Trainee: 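Handing you a structure now.
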Amino acid sequence: NNMLEIKGITKTYNAGKPNQIEVLRGIDLTLKRGEVVALTAPSGAGKSTLLHIAGLLDVPDAGTVTIAGQDMTGLGDRRRTAMRRAGVGFIYQFHHLLPEFTALENVVLPQLANAVPQAEAEARAMALLDKVGISRRATHRPAALSGGEQQRVAFCRALANGPGLLLADEPTGNLDPETSDLVFDVLMELVRDEGLSALIATHNHELAAKMDRVVKLDMGQVVPA
Ligand code: ADP
Ligand code: ADP
């Protein structure tokens with residue numbers, strides 16, 4: 001009963017060139033349903049590459065990615081895009097919200113792209129904003145929000161289409177330590193509440209310790225931390 005199964009993933013950049021770099025050298029990693037795993041790694045170890053491959057934003061040289069029991073390897077572009085859109089939520093270090101749209105609209109838009117009717121999308125967006133404690137900010141644009149609020153909107157956007165899997169790359173990495181701790185707890189509550197499986201990259205050992213399990217990316221392989 002696994003949400004994510006990664007097997008034998010390899011990735012080399014600039015293959016055959018003098019600057020060739022073998023980033024992933026046979027990654028095996030499994031996330032059970034509802035399991036929250038911390039991914040730690042020194043900068044440059046390949047954490048973003050691994051998250052992008054797990055989230056179908058990049059393709060490996062070899063190996064397989066299975067999400068919710070479905071092998072993504074041989075899947076056509078349309079089915080991959082559908083899974084990326086509705087099956088997987090992504091959170092980055094920087095929020096990447098659309099500056100011209102309100103907090104609410106930023107959470108509504110991915111649902112419209114997934115053919116959810118407007119009224120239903122707005123109700124879901126408001127419920128999410130409420131869960132992270134910023135429904136009062138629904139009509140503000142990102143620039144009018146604090147860093148912690150912006151990131152909370154980004155969490156809601158990532159979960160807008162009800163994915164089973166969440167991938168996060170330093171989700172509170174650009175916030176000051178105090179805000180980071182607070183906002184991270186909000187994220188964990190949301191993840192537990194929605195029953196998600198999550199792979200969350202972080203440099204922060206205290207935050208990592210709040211998850212079910214900690215793994216590290218070392219010499220191109222995933223090992224227990
Ligand atoms: P990227 O994924 O863009 O390569 P990282 O997320 O790995 O960057 O690192 C972000 C920043 O955090 C970098 O400036 C890096 O120097 C710094 N950093 C790396 N390791 C640690 C650490 N253990 N504690 C705090 N900061 C770190
Ligand atoms: P991390 O997120 O752990 O900092 P990345 O996955 O971003 O690591 O990068 C791992 C290594 O691969 C780094 O040395 C980086 O410079 C290199 N790299 C990442 N993306 C590319 C790319 N598109 N082309 C060439 N090299 C890349």
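Counting starts at 1 for both ligands and their atoms, in listed order. Just so we're clear, the structure is a prediction, and the values are computed from it rather than from any experiment. Note that these values count all heavy atoms, side chains included, but never hydrogens, waters or copies made by symmetry.
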Trainee: Could you tell me if Asn204 and Thr202 have a donor-acceptor pair between their side chains, going purely by distance under 3.5 Å?
Mentor: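 No, no side-chain donor-acceptor contact under 3.5 Å.
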Trainee: Below the 3.5 angstrom mark, is there an N/O of Ala41, backbone or side chain, next to an N/O of ligand 2?
Mentor: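 There is no such contact.
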Trainee: Can you name the ring pair (Phe, Tyr, Trp, His ring centres under 6.0 Å) partners of His96, sequence neighbours left out?
Mentor: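 With sequence neighbours excluded, His96 shows a ring pair (Phe, Tyr, Trp, His ring centres under 6.0 Å) to Tyr92, given in chain and number order.
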Trainee: Counting only heavy atoms, which portion of Ile21 has something under 4.0 Å from ligand 2: side chain, backbone, both, or neither?
Mentor: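 The part of Ile21 near ligand 2 is the side chain, not the backbone.
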Trainee: Under 4.0 Å from ligand 2, counting heavy atoms only, is it the side chain of Ser48, its backbone, both or neither?
Mentor: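 Under 4.0 Å from ligand 2, Ser48 contributes backbone and side-chain atoms.
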Trainee: Using a 4.0 Å cutoff against the non-hydrogen atoms of Val23, which atoms of ligand 2 qualify?
Mentor: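 Answer for ligand 2: 10 (C), 11 (C), 12 (O).
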Trainee: Does a side-chain N-to-carboxylate-O contact under 4.0 Å join Asp212 and Lys32?
Mentor: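 Between Lys32 and Asp212 there is no salt bridge, as every charged N stays at least 4.0 Å from the carboxylate O atoms.
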Trainee: Please determine whether a side-chain nitrogen of the Lys or Arg among Glu105 and Arg141 lies less than 4.0 Å from a carboxylate oxygen of the Asp or Glu.
Mentor: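 Salt bridge absent between Glu105 and Arg141.
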Trainee: For ligand 2, which part of Thr49 has a heavy atom less than 4.0 Å away: the side chain, the backbone, both, or neither?
Mentor: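 Contact part for Thr49 vs ligand 2: both backbone and side chain.
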Trainee: Report yes or no: does a heavy atom of Gly46 sit under 4.0 Å from some atom of ligand 2?
Mentor: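 It does, in that a heavy atom of Gly46 comes within the 4.0 Å cut-off of ligand 2.
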Trainee: Under the salt bridge (charged side-chain N to carboxylate O under 4.0 Å, His left out) rule, what do Glu35 and Arg192 come out as? Steps first, then yes or no, please.
Mentor: CA-CA 9 Å; Glu35 193 179 26; Arg192 299 297 190 188; over 6 Å; no
